[in-house]
There are 2 protein chains.
Amino acid sequence: MHALVTSLSLRDEIDLEEAALLDGLSFRRRQLRKGEELVAQHSRPTESCVVLSGVTAREVLLDDGKRQITALHIPGDFVDLHAFLLKVMDHSVVALTDCEAAYVPHRDLLRVMERSPHLGRLLWLSTVVDGAIQRAWITSAGRRSATAHFGHLICELYLRLEAVGLASEGRFEFPVPQNELADALGFSLVHVNRTLQDLRATGLVSWKGSAVSILDFDGLARMSQFDPTYLNLIRMPR
Amino acid sequence: MHALVTSLSLRDEIDLEEAALLDGLSFRRRQLRKGEELVAQHSRPTESCVVLSGVTAREVLLDDGKRQITALHIPGDFVDLHAFLLKVMDHSVVALTDCEAAYVPHRDLLRVMERSPHLGRLLWLSTVVDGAIQRAWITSAGRRSATAHFGHLICELYLRLEAVGLASEGRFEFPVPQNELADALGFSLVHVNRTLQDLRATGLVSWKGSAVSILDFDGLARMSQFDPTYLNLIRMPR
DNA sequence: CGTACGGTTGACCCTAGTCAACTATAGTGG
DNA sequence: CCACTATAGTTGACTAGGGTCAACCGTACG
């Protein structure tokens, strides 16, 4: 599980011994096609899942057929560490693109945490950062204009993808249709389309197919009231 | 810190030795008047804060003066355990009513976690449950009608308050003005008022001043698509 | 060349925001 | 006891943002 070393070391130094512990974790690898479930709602996972490639989403399906995506996950993200403590999944995790995922047994995670309380804290941290992102989403949904909401998400995705080497110079690939963006933003499909046009019109963003390009990050961040603090992409002792 | 024993034992058995560890935690007690800050944005706390009485809120202030409340906290809740890992607060925590709070030094928490990995997991769990609640809020904001959104919040508050003995028989005290509810729900003040009138008209809820009464919990839960699973108010080995 | 999927547009309507006034209630000081 | 004030709640009128429906376009792929 070397992906975990990379991902956890985004936020704190990992020493050789710790890296060896993570590298030695046993896991099972799985390929998923777009639309497949990585983790099912109401299941009681005994392993937790790390995204290796592709984009995945946490989704809640309501009785009336509506869907809300509550988080987007990119390579390196631990997608259901919660289940380790919550035991029962209150939502499902699905692949928005073809994906590769690694499943690590909970008992192995437990062993790592016993041997290294520091790694335990870093795992904890990754769930806490998820929470911080969710707070930003709540704020966007409640109090930001549609363009600011969308722009905020683009800033967030860019920094997260850049941190794992999947974005640079303002550009990244994001092969997720407007349909799914709508469920992440809480918009209708039509409104996503129109808001995106507004964003293009500002000259801050270009988005063609799956090629996203931020033409003026500072400008986009300003108009979206985006402050990257919450992502905690800073290496410091934790 | 006996409040912690009560609160952590909502979700798992706590044995005598663990209870003694928690009871022995040193802390400083503080009284707060309505409107005062428990934890300031951008601060780097060296202690984490447990609510002993009153209602508190996590709030984000935007540049344009708008405010979003991203979480409500009630007695027993650990309000900024995150800061233990995030280091820098990306939001503030304020008292919505007069409050009492206990501040526990991080180094003492660390010691407890070293002596009892199980308690460490339960502390972790409390942040993970916060995350689950935030996901429910995102879903409400994005995909539920105004009445369902509000109703969902009422169900959530009731179960959380009931779990700590502050609600029973469908009734609880919630001395939080519509103004603040608006910032929690992402509504305008006027819309809170009108949505509350709609809720009253359904006959499911009565809300007079600070006296909230759920007249038909199942009915309210049904119309709000409320499923209590996410609150994890079940005692099981974690 | 047809089909499927994703993106785009227009027309219409409803939900919810804004502004502004007004009421109710509790607390305060004369 | 009665004004006076501050806070909370309520109402009406108007408007803007965003949802819904339905059609249409563009492009990749078999």
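These numbers were taken from a predicted model, which means no experiment stands behind them. Every chain is numbered from 1 and lettered A, B, ... according to where its sequence line falls, protein lines coming before strand lines.
When atom types are taken as modelled, the side chain of A/Thr127 and the backbone of A/His82 share no donor-acceptor pair closer than 3.5 angstrom.
By the 6.0 Å contact criterion, CZ on A/Arg28 is enclosed, its count of non-hydrogen atoms from other residues, nucleotides or ligands being greater than 12. With a 6.0 Å radius and a threshold of 12 heavy atoms from other residues, nucleotides or ligands, A/Arg222 has its CZ atom at or below the threshold. Counting heavy atoms of neighbouring residues, nucleotides and ligands inside a 6.0 Å radius, atom CG of B/Leu62 exceeds 12 of them. Heavy atoms of other residues, nucleotides or ligands lying less than 6.0 angstrom from CG of B/Leu233 number more than 12.
Contact annotation: A/Arg200 reaches the phosphate of C/dT8 (side-chain N/O to OP1 or OP2, under 4.0 Å). Residue B/Gln197 places at least one side-chain N or O closer than 4.0 Å to OP1 or OP2 of D/dT11.
Across the protein-nucleic acid pair, B/Arg67 atom CZ and C/dG17 atom C1' stand 18 Å apart, rounded to whole Å. For the pair B/Leu196 CG and C/dA16 P, the computed distance is 14 Å after rounding to whole Å. B/His149 places its NE2 atom 11 Å from the P atom of C/dA16, with the value rounded to the nearest Å. Atom-to-atom, CG of A/Asp198 to P of D/dG18 comes out at 10 Å; the value is rounded to the nearest Å. Rounding to whole angstrom units, CG of residue B/Leu96 and P of D/dA8 are separated by 11 Å. The separation between A/Phe150 atom CZ and D/dG17 atom P is 18 Å, rounded to whole Å.
Across every non-hydrogen atom of B/Arg33 and B/Ala95, the tightest pair is O-CB, 3.8 Å.
Remark: A/Gly186, A/Phe187, A/Ser188, A/Val190, A/His191 in residues 174-193 of chain A come within less than 4.0 Å of DNA chain D through at least one heavy atom. Within residues 135-145 of chain B, no residue has any heavy atom closer than 4.0 Å to DNA chain C.
For the residue pair A/Trp137 / A/Glu156, a side-chain donor-acceptor distance below 3.5 Å is found, with atom types taken as modelled. Inspection of the A/Asp130 and A/Gln134 side chains reveals no N or O donor paired with an N or O acceptor under 3.5 Å.
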Q) Checking salt bridge (charged side-chain N to carboxylate O under 4.0 Å, His left out) for the pair A/Asp77/A/Arg58: CA distance, chi angles, key distance, verdict? A) CA-CA 12 Å; A/Asp77 287 354; A/Arg58 274 184 213 172; over 6 Å; no
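With hydrogens and angles left out, the side chain of B/Arg194 and the base of D/dG12 share a donor-acceptor pair within 3.5 Å.
The side chain of A/Lys34 sits closest to C/dG6 out of C/dT18, C/dG6, D/dA8.
In this pair, B/Phe174 and B/Trp207 present their aromatic rings perpendicular. The plane angle is above 60°, beyond the 30 to 60° band. B/Phe217 and B/Phe226 have perpendicular rings, their planes meeting at more than 60° on a 0 to 90° scale where under 30° would count as parallel.
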Q. Going 5' to 3' along nucleotides 23-30 of chain D, which nucleotides have protein heavy atoms under 4.0 Å from the base (write B), which only from the sugar-phosphate (write S), and which from neither (write -)?
A. --------
